[in-house]
Protein chains: 2
Amino acid sequence: MTVSRVLNESPGVKASTRARVLAAVAELGYRPNSAARTLVTGMSRVLGVVAFDTRLYGPATTLFGIEQAARDADYTVRVTTLESTGQNSGGEVMRSLMSESLAGVILSAPHDWAAEALRHLSRNTPVVVVDVDVEQDSAPVVGIAQHAGARQATEHLLSLGHKTVWHVSGPVTWPSARAREAAWHTTLTEAGRMAPPPLRGDWTARSGYEQGKRLVRRKNVTAVFAANDQMALGVLLALREAGLDVPGDVSLVGFDDIPEAAYFWPPLTTVRQDFDEAGRLALDLLMDQIEGTGARDRLTVVQPKLVVRGSTGPAARN
Amino acid sequence: MTVSRVLNESPGVKASTRARVLAAVAELGYRPNSAARTLVTGMSRVLGVVAFDTRLYGPATTLFGIEQAARDADYTVRVTTLESTGQNSGGEVMRSLMSESLAGVILSAPHDWAAEALRHLSRNTPVVVVDVDVEQDSAPVVGIAQHAGARQATEHLLSLGHKTVWHVSGPVTWPSARAREAAWHTTLTEAGRMAPPPLRGDWTARSGYEQGKRLVRRKNVTAVFAANDQMALGVLLALREAGLDVPGDVSLVGFDDIPEAAYFWPPLTTVRQDFDEAGRLALDLLMDQIEGTGARDRLTVVQPKLVVRGSTGPAARN
DNA sequence: GTAAGCGTTGTTAACGTTAACGTCCGCTGC
DNA sequence: GCAGCGGACGTTAACGTTAACAACGCTTAC
């Protein structure tokens, strides 16, 4: 019992006793058994992180941010990724999470799936959701102001004199893709411009390339906003293969600011999202709930920021 | 007890009893408590994965492969990333791993740090190491044939008529960077060519760009082998800014085959590594140890493969 | 001088599961 | 008819920790 008090830094242990305990711990190489601790306290120092596809830059970086912050708070992280096929139901994953006495859960799956999965989670498990559309009161949310970012991108292109802006969007099942598309659309409409039909991609450079080939067949395209940098890269290649110059003939904006974007040719104008920060913020919100530091905010928003580089320029006089 | 037998699929339970138990489990929403199970059996169904920086494409993809395979085997995954600063000692991380009754550990940190950390791990914890140089008998290893890949890249350039090949290498603390550099060097030497001094990068496009600028100052560079695709991208930008054509003036080969590489301009010739597969293989080797399926191989090697695209071409006649 | 109080340490029981052993019942064989 | 056996299910104890309470010695107050 005294050992337990020493290791948990409970008060009421004489300094000399504490020293003797610590000496014995060091000598014997004693390590407390976390399973026993979890069993008796009913709570572990493990956080569940549910992600969608951690191979993608955004999710991977958010995960990294969460993990680093968790380790600083002396928690460990248990990751579950969801098959890209979406075969495994949210209910199943959530149920398996709940038999493990997790201290909390971070749902970092910016996908419609996540909103559904949230419903299967016990009401009293602390949870934070990253970048997912959920009802305002179902869980604290770390949002990324997709709207603001997409608006900046679109307005930037309009301010350069382009009559309208084409959009290569992300998959409809991703709320962030829908948000970017919606913001692009309203920005154009508010400026009194005609919004051309969006071209649907799937986040990959390949889909950007294919939609880019469709874009070059039209003669009137001078500005394109791609919903992420990878698709922008694909568009870039398609434009180049068609003999078009960027930004001379066509201006292009991406989204995310992946580390490579600054080294595209030309360096890509894009909207920076701080995924790392989003992960850390999610952990903060979760800690507020777990350690009862007082649930401060229920909604925290990360502001994306337009980064102007070489892929955008004034509209050609035609 | 009978419930325990049913849920663990132990023999000696009448079919009718089993059905009644399952019905009650479903009705009550009963979930076994994994902490109690871990406590009594002394082993959990949790695997520890130690990675270095999961924001990088390779590590992230390997982690994804491990996680997917682990879920199929009904295990969960607990991730620890190491600060890029390398501040936290391997000993500390390993010790914290060991108080959690983990079923096994996968060391997926292709960094010198990993070899040192391995020594702090208890001898009887099942462990597998991915792409790290360790003594042959200290742990089963999933290797990636870096040597073969780098040799293919270098030979490809030589076969196109280039007199020699310059190398932008990765950080020396990464065994895979050293292996690629060594293979590049021996391939040149064996072919009777002079190996120019390698240019040291740090995996980032930025470092590739900077070394690329140093390369263009020399007039005699016609072929470059970059140790990964991001650095190749940086080199590409530096070459282009200097007015050099790829592959007309300079041929360029990368390494990894990140999904974007095929959409660079020009599409990048590179060496594909199957990181996903490496993760799955690591899990297989670990399962062999844990479930005693008979420790088959102690060394499994993933073969990388040269993918020729548009960034390499015949040497200019000069 | 004694009761009350406090600071420190020890004791007991409980968390939920499983290994090991025990019990009960029905069947078989002589 | 009864010993012996095996299948099905139950009971006991243990895993290592912590919450709650008990005990002990020392100081303080009257």
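Here the structure is a predicted model, which is why all the values come from computation and not from measurement. The sequence lines fix the lettering, A, B, ..., with proteins before strands; numbering per chain opens at 1. What's counted below: heavy atoms across the whole structure, side chains too, no hydrogens, waters or symmetry copies.
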(message) Just the rounded figure in Å: distance from C1' of D:dG16 to CG of A:Asn33.
(response)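 So the two atoms are 6 Å apart, to the nearest Å.
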
Beyond-backbone contact of [X] with [Y], side-chain heavy atoms, under 4.5 angstrom:
X: A:Tyr75; Y: A:Ser44; value: no
X: A:Thr2; Y: A:Thr17; value: yes
X: B:Val79; Y: B:Leu63; value: yes
X: A:Phe64; Y: B:Asp53; value: yes

(message) From C-beta outward on B:Lys14, which listed nucleotide comes closest to its side chain: D:dA8, D:dG16, C:dT9?
(response)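 Of all the options, the side chain of B:Lys14 is nearest to D:dA8.
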
Could you write out each protein N or O paired with an N or O of nucleotides 10-14 of chain D at a distance under 3.5 Å?
residue : atom : partner : partner atom : Å
D:dG10  : OP2  : B:Thr2  : OG1          : 2.9
D:dG10  : N7   : B:Arg5  : NH2          : 3.0
D:dG10  : O6   : B:Arg5  : NH2          : 3.3

(message) One thing to verify: whether B:Arg280 and B:Asp284 come together as a salt bridge, which I'm taking to mean a side-chain N less than 4.0 angstrom from a carboxylate O.
(response)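 Between B:Arg280 and B:Asp284 there is no salt bridge, as every charged N stays at least 4.0 Å from the carboxylate O atoms.
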
(request) For B:Arg20 and for A:Leu39, find the nucleotide of DNA chain D with the closest heavy atom, then tell me which residue's nucleotide is more 5'. (result)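 On the 5' side of the pair lies B:Arg20.
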
(message) On DNA chain D, compare the nucleotides closest to B:Thr17 and A:Tyr30; which residue's is nearer the 5' end?
(response)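 Upstream on the strand: B:Thr17.
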
Pairwise N/O distances under 3.5 Å, protein to nucleotides 23-26 of chain C:
none

(request) State whether a side-chain donor-acceptor pair under 3.5 Å links A:Arg78 with A:Thr80. (result)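 There is such a pair (donor and acceptor under 3.5 Å, judged by atom type) between the side chains of A:Arg78 and A:Thr80.
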
(message) Is it the case that the side chains of B:Thr204 and B:Gln230 hold a donor-acceptor pair, with the cut-off being a distance below 3.5 Å and no angle test?
(response)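 Short answer, no.
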
(request) For the pair A:Asn8 and A:Ser10, evaluate side chain to side chain donor-acceptor pair (under 3.5 Å) and give the outcome as yes or no after the intermediate values. (result) CA-CA 5 Å; A:Asn8 293 312; A:Ser10 303; 5.2 Å; no

